[in-house]
Amino acid sequence: MPMKIFIIFKQIVLASFIAIVIIACSNQSQSNQNESDMNFSGAENEVKLMILDPGHFHAALVQKKMYEQVDPVVHVYSPEGPDVDNYQKTINNYNSRPDSPTKWITELYTGPDFAKKMLSDRPGNVMVTSGNNGRKTEYIIKAVDSSINVFADKPMAINREDFELLKQAFEKADENDVLIYDIMTERFEITTLLQKELSMIPEVFGSLTQGSLEEPAVVKESVHHFFKYISGNKIKRPPWFFDVTQQGEGVVDVTTHLVDLVQWECFPEQIIDYRRDIELISASRWPTNLTPTQFNTVTQMNKYPDYFRKNIVNDSILQVYANGEINYTIKGVHAKVSVVWNYQAPEGTGDTHYSIMKGSKSNLVIKQGAEQDYKPKLYIEPTKEIDSEEFEIEVNAASKILTEKYPGLEIHKSDKKWEVLIPDKYKTGHEAHFAQVTEKFIQYLTEGKLPDWEVPNMITKYNLTTQALEMALNTNNN
């Protein structure tokens, strides 16, 4: 080989070797960085948030307070438009409020490729998603495929195709050692917490009854309103919120919370397997009708977007299938969950919740009607077979147990039932519950895992809601 060609050949080989080394080192560095991103120790600012398409006000509520472990610099990826503008306005309000202002610093990227851009930039280790649900499941699986933890607003799946994709996402999260967690705020509502606590005191509650289709042992009913106030301001909802192909029907949306509570309260820390523990009996759906004026009030839009054409009746009334009911059994226990959306609550009222757990010794009932001044109250209603004097002794003993955990709590007898009197300090409200869920998620990140029952129970929850939607649709079509 001529000397000149040999020298050129050596130079090419050397350059190729150097390039390979550089790529290998870069890949190893990226691998080490990714591994470092996934390891949490509880250190300050180590949780780095990426907010993806914050189309729902729940995204901002996660940031209503600061967290020591969360970096104040938050990277937001979103399409341009009013959704992200409203999110930024809310964060700015939190930062500038006189009482306990937050100190968030927003790094914003807007563009049609926002999701792809987030994955390529990857400036954080936790993706928060709370917005249009039409592509949410897709975003979740792409995030965990890139070894990014996911903190997702409900629902994480709004149809059967999404459910199958969500199952794959949980498998991929397990492979990549990252977490997927949905924001179940209702677990932190104090009357619900105490209803669960009392159900675990057999001297008062006895054991959960089996019930029947006509008389379920567990009932969870929720009434919501399209027009409301959030953080003291009139809510502005995006128009797609009223399109069930983007937001999800009522039977797969708010019912997610209710199904979660049934599992969480009735079978605490137990794995619920949808293949053997759940039997769907019936499901139904029905619409809430909105006038053009009502639609304008909550969206500030003067006309319906074109994608609503199929939902318009009588020339101008928008039908929103936001209401639904599911009847099913869980480990043989009959349960019913239902959600209703009205346009606006009567003056002085708001969203309401009704719940009953039926035990062999007493029923634990949460009511939030006019008699309760539209504030949730918890009652213990003994069954007729119980000796009243003996039961009163057991209730007083339970009161002492609960007071140790919740100082100031009292249980007073009123006629033939007992009311649980809860100090105001425990009534933190719906908005504060987002911080409580976030703190729980940070705890799980630090521990490096969720409780063993959380993932299978999330899968069971979304299987039930999406299967119920399929049944309700088939029932309507027939």
Side-chain angles (χ1 to χ4, degrees), residues 184 186-222 257-272 277-278 327-337 353-369 371-372 375-423 426-427 451 453 457:
M184 292 289 100
E186 296 308 304
R187 294 183 186 181
F188 295 87
E189 207 288 315
I190 186 61
T191 54
T192 299
L193 275 167
L194 291 170
Q195 186 182 47
K196 179 183 180 182
E197 296 265 13
L198 284 165
S199 73
M200 298 170 68
I201 302 176
E203 292 79 8
V204 172
F205 182 65
S207 57
L208 186 64
T209 63
Q210 184 175 338
S212 65
L213 177 60
E214 296 74 20
E215 295 289 338
V218 186
V219 177
K220 301 278 185 185
E221 297 175 350
S222 184
H257 280 301
L258 307 182
V259 171
D260 181 78
L261 291 180
V262 172
Q263 297 175 173
W264 181 74
E265 287 191 73
C266 298
F267 302 95
E269 300 184 9
Q270 294 183 40
I271 291 176
I272 311 296
D277 294 330
I278 300 291
N327 288 278
Y328 64 105
T329 62
I330 173 170
K331 289 185 177 288
V333 173
H334 283 267
K336 181 179 82 169
V337 298
H353 179 70
Y354 169 81
S355 172
I356 185 170
M357 293 178 67
K358 296 180 180 179
S360 56
K361 290 187 177 181
S362 69
N363 298 330
L364 306 175
V365 188
I366 299 172
K367 296 180 181 179
Q368 196 176 354
E371 184 183 346
Q372 292 77 33
K375 295 178 175 59
K377 293 186 178 181
L378 174 61
Y379 302 94
I380 305 169
E381 300 178 349
T383 60
K384 295 179 180 179
E385 295 79 10
I386 295 299
D387 179 276
S388 59
E389 291 185 6
E390 181 180 335
F391 186 73
E392 185 167 358
I393 294 172
E394 298 295 355
V395 170
N396 290 334
S399 179
K400 292 178 181 179
I401 294 173
L402 292 178
T403 301
E404 292 180 5
K405 190 171 183 178
Y406 303 94
L409 180 145
E410 298 178 5
I411 302 179
H412 281 191
K413 188 175 183 180
S414 175
D415 195 16
K416 296 181 180 180
K417 62 185 177 183
W418 280 260
E419 180 182 349
V420 181
L421 302 180
I422 305 169
Y426 300 118
K427 301 174 184 177
W453 49 273
N457 289 10

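Worth knowing before you read on, the calculation uses all heavy atoms, side chains too, and leaves out hydrogens, waters and symmetry mates.
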Do you know the tightest heavy-atom contact between [X] and [Y]?
{"X": "L194", "Y": "I422", "result": "CD1-CD1, 3.6 Å"}
{"X": "I271", "Y": "D277", "result": "O-OD2, 3.9 Å"}
{"X": "N363", "Y": "G359", "result": "OD1-N, 3.5 Å"}
{"X": "P423", "Y": "P407", "result": "CG-O, 4.1 Å"}
{"X": "S360", "Y": "I386", "result": "O-CD1, 4.4 Å"}
{"X": "C266", "Y": "M357", "result": "SG-CE, 4.0 Å"}

Taking salt bridge (Lys or Arg N to Asp or Glu O under 4.0 Å) as the test, write out the residues that go with [X], two or more places apart.
{"X": "K375", "value": "none"}
{"X": "K413", "value": "E392"}
{"X": "K336", "value": "E221"}
{"X": "K384", "value": "none"}

Is a side-chain N or O of [X] found less than 3.5 angstrom from the main chain of [Y], in a donor-acceptor match?
{"X": "T403", "Y": "S399", "result": "yes"}
{"X": "Q368", "Y": "H353", "result": "yes"}
{"X": "T383", "Y": "S362", "result": "no"}

Q: Hey, could you give me each pair passing side chain to side chain donor-acceptor pair (under 3.5 Å) that has a residue in residues 202-219? Not counting sequence neighbours.
A: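 Every pair satisfying side chain to side chain donor-acceptor pair (under 3.5 Å) with a residue in residues 202-219: E215-K358.
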Q: Go through the side-chain N and O atoms of S199 and E265 and say whether any donor and acceptor fall under 3.5 Å apart.
A: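 Checked: S199/E265 side chains show no N/O donor-acceptor pair below 3.5 Å.
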Q: With the side chain counted from C-beta on, respond yes when L402 and V420 share a heavy-atom pair under 4.5 Å apart, and no when they do not.
A: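 No - every pair of side-chain heavy atoms lies 4.5 Å or more apart.
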Q) Can you tell if the side chain of N327 reaches within under 4.5 Å of the side chain of H334, non-hydrogen atoms only? A)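 In short, these two side chains do not touch, never coming nearer than 4.5 Å.
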Would you please name every residue forming a side-chain hydrogen bond (donor to acceptor under 3.5 Å, both in side chains) with [X], sequence neighbours left out?
{"X": "K405", "value": "E197"}
{"X": "Y379", "value": "Q372"}
{"X": "N457", "value": "none"}
{"X": "T191", "value": "E189"}

**Q.** Any pair counted as ring pair (Phe, Tyr, Trp, His ring centres under 6.0 Å), so long as it reaches residues 393-416, sequence neighbours left out
**A.**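 Pairs touching residues 393-416 that pass the test: Y406-Y426.
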Q.
For E186, is there an ion pair with K220 - N to carboxylate O distance below 4.0 angstrom?
A.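 Answer for the salt bridge query: no.
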Q. By side chain to side chain contact (heavy atoms under 4.5 Å, CB included), which residues pair with D387, not counting sequence neighbours?
A.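 Checked D387 against side chain to side chain contact (heavy atoms under 4.5 Å, CB included); matches are E389, E390.
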**Q.** ring-ring contact (aromatic ring centres under 6.0 Å, His included) partners of F391, counting only residues at least two apart
**A.**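 Partners of F391 by the ring-ring contact (aromatic ring centres under 6.0 Å, His included) criterion, ordered by chain and then number, come out as W418.
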